[in-house]
Amino acid sequence: MLINTVQTAPIAGQKAGTSGLRRKTRDFMAPHFLENYVQAILDGIGSADGKTFVIGGDGRYFNPQAIQTILRMAAANGAAKAIVAQNGLLSTPAASNLIRQYKTDGGFILSASHNPGGIDEDFGLKFNMSNGGPATEAITDAIFTRTKEITEYKVLEAQDVDLEQIGTTQLDDMTIEIVDPVADYENLMAELFDFDAIHALFKGGFRMTFDAMHAITGPYAIHILEDVLGAPTGTVINGTPLPDFGGGHPDPNPIWAHELMGIMTGPNAPDFGAASDGDGDRNMIVGRGAYVTPSDSLALLTAHAHLAPGYKGGLAGVARSMPTSTAADRVAKSLGIPAFETPTGWKFFGTLLDAGKATICGEESAGTGSNHVREKDGLWAVLLWLNIIASTGKSVADLMTDHWQRHGRNYYSRHDYEAVDSDIANSLMDDLRSSLPNLTGQSFGDLTVSKADEFAYDDPVDGSHTSGQGIRVMFEGDARVVFRLSGTGTQGATLRVYLEQLETEADQMKKDPQEALSAVIAAADAIAQIRTRTGRDKPDVIT
Ligand code: VG1
Ligand code: CO
């Protein structure tokens, strides 16, 4: 075999963000960039020698070429085997499942998730560990260190591998197993959910629209919803994965999934609507004329999960990321189970899931999942909702109204200011940080600050400490604002402002969220001077 050892310069500063490394596609395509990062990963995890990896991606531009490079490098670095999804198309949750099911040493997931795709857009690469979850901070730090010192990488000189045929092939000494990406995932879902009840629901005339947003979930959703569960053909829209996602942002929120929102609020709207993101790990849930915020979705799923066969014994606990609303905590309290609060990013749920402390986890950004894999899982959430609807016979709107009457309603919204000048964003956060000691007791309109801090986390399982995870300002009367800079953007900085206000009066549950939150929104601006500093008069995206 011909292994080339290529001399190269370090690619310093390639630090993985919230969910792997994301850069402009052209950066990833630049000479040696992808190769250096892949070698840094293989070095950062110890070595590739004798190991088995899962490889696949969300189908975006450069996915096929990048997979071939990773295969050649894994082989040159001594990997024993690669399990590759047919045509390299693999959703993030399905990848997590394959890593676990085949007891591999980890996997390479090629995705920039909700970021747009194309040669002028974004690409990403993430390494998941043998538990199926995103690499921990210790591993991503080791990879980052390697990016700064790397001087050479190993790559096999070989032809591209044909990834179209399911079966086994060789790349020199490395075995490549090409698998059907949907089959194993479908089996897992069939174990967790009452497929017969959902089948009967569709048979009874229940209608839904699933918007795959031209991203990876199309084939999974068409097979599971239409072929297996009997939903009518056409239930899944935008179901063919495209390298540029049809020019859209595959981000499942009312802004980017506006086609679905139009259908759900239009005449003849179906009973249920859902969408998923670029790599299939996030979800949007909407009833007829009733959008469900992700934080509320997590709370509702926590309250009703026992209706699905996979969770009939109840939940060990629920975990949410810090900026996610406290709605799930209120359910946990009523169920008598623990609620955990972690930093943003799925990697922080891994230890809790592995230790059996949490069964369901979720984030305000529309990621929900459970201990069935170690990633958030868009279709899983959709199927659990369908299972709950089938078991209760209630509509989405009625389920939510009942939920609020029982637990109170946490009005919630996230305001994003995108592509802000990095210096401006950083100084805004720095100044906020320095103002923290003086905030307590100050009033902004009718709201008085009860506590203000910067979130840090001590993992209750492995004891690891993570700091600088967002600035929280709590107000008397169960209101809160959180300020945080995104770790997934590729252009300038994105400031995320998370707003929350609890309402427990039964007759106050039907307000427009922006209206219900107006006092918190005003306080947030007064505290951080967002408009003055960024020169923006409103957020770019409100979800
Ligand atoms: C965003 C979300 C976060 C999510 C992350 C990855 O991160 O806020 O909750 O875990 O995306 O999701 P940030 O740092 O931009 O706020 V995905 O679907 O892009 O893998
Ligand atoms: Co995603």
Side-chain angles (χ1 to χ4, degrees), residues 15-22 57-60 90-96 109-117 121-128 133-135 140 212-213 215-217 220 241 245 249-253 256-257 275-284 293-295 297-298 319-325 341-350 361-369 373-381 412 414-420 425 429 455 466 468-470 482-498 540-541 543:
K15 193 166 173 50
T18 318
S19 198
L21 184 71
R22 291 187 194 174
D58 63 10
R60 68 180 59 225
L90 191 59
S91 80
T92 290
S96 182
I109 302 176
L110 298 85
S111 170
S113 189
H114 56 278
N115 300 30
E121 298 294 350
D122 295 345
F123 192 79
L125 177 59
K126 168 165 95 158
F127 185 79
N128 277 29
T140 54
M213 303 185 85
I216 194 69
T217 42
Y220 297 80
F245 307 122
H249 285 223
D251 202 349
N253 62 46
W256 293 113
S276 194
D277 73 330
D279 60 334
D281 57 0
R282 291 189 292 128
N283 69 89
M284 180 174 104
T293 67
S295 294
S297 177
L298 174 67
R320 61 165 174 88
S321 66
M322 181 275 282
T324 305
S325 94
E341 184 179 40
T342 63
T344 296
W346 209 260
K347 61 183 159 194
F348 295 101
F349 293 133
C361 308
E363 296 192 280
E364 54 67 41
S365 53
T368 19
V373 286
R374 291 295 179 273
E375 283 280 4
K376 46 198 187 281
D377 187 344
L379 259 177
W380 170 89
Y412 189 86
R414 186 176 96 188
H415 291 188
D416 291 335
Y417 297 82
E418 295 178 341
V420 175
M429 291 300 285
F455 183 58
T466 312
Q469 295 298 312
V482 174
F483 303 90
R484 201 186 138 259
L485 296 183
S486 156
T488 59
T490 57
Q491 214 180 348
T494 295
L495 172 67
R496 302 203 195 284
V497 184
Y498 308 83
D540 297 282
V541 180
T543 52

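Start at 1 with the first residue, then count along the sequence. Just so you know, ligand 1 is whichever comes first in the structure, and atom 1 is the first atom listed for that ligand.
- For the Co ion (ligand 2), the N/O/S atoms of Ser113 include one lying under 2.8 Å.
- The shortest contact between atom 9 (O) of ligand 1 and any protein heavy atom is with Ser365 OG, 2.6 Å.
- Distances between N or O atoms of Gly487 and those of ligand 1 include at least one value under 3.5 Å.
- When each atom of ligand 1 is checked for a heavy atom of Arg414 under 4.0 Å away, the hits are 8 (O).
- Of the polar atoms of Arg22, at least one N or O is found under 3.5 Å from an N or O of ligand 1, judged by distance alone.
- Short contacts between ligand 1 and Arg496, defined as distances under 4.0 Å to a heavy atom of the residue, involve ligand atoms 8 (O), 13 (P), 15 (O), 16 (O).
- Selection from Thr324, Asp58, Thr488, Asp277 by nearest heavy atom to atom 7 (O) of ligand 1 gives Thr488.
- Close approach to His114 involves these atoms of ligand 1, each under 4.0 Å from a residue heavy atom: 11 (O), 19 (O).
- Using modelled atom types and a 3.5 Å distance limit, the side chains of Thr368 and Asn283 yield a donor-acceptor pair.
- Contact check for Arg320 versus Glu341: side-chain heavy atoms found under the 4.5 Å cut-off.
- Under 4.0 Å from ligand 1, not a single heavy atom of Lys126 appears.
- Close contacts of ligand 1 with Arg282, meaning ligand atoms under 4.0 Å from a residue heavy atom, involve 12 (O), 17 (V), 18 (O).
- Under a 4.0 Å criterion applied to the non-hydrogen atoms of Arg484, ligand 1 contributes the atoms 13 (P), 14 (O), 16 (O).
- Side-chain contact check for Phe127 versus Thr140: every heavy-atom pair is 4.5 Å or farther apart.
- Remark: ligand 1 and Glu363 share an N or O pair separated by less than 3.5 Å (distance only, no angle test).
- Of all heavy-atom pairs between Pro343 and Gln469, the closest is CB-OE1, 3.3 Å.
- Put simply, part of Lys376 is less than 4.0 Å from ligand 1, judged by heavy atoms.
- Applying the 4.0 Å criterion to heavy atoms of Ser113 picks out, from ligand 1, the atoms 17 (V), 18 (O), 19 (O), 20 (O).
- Using a 4.0 Å heavy-atom cutoff, Ser321 is absent from the residues neighbouring ligand 1.
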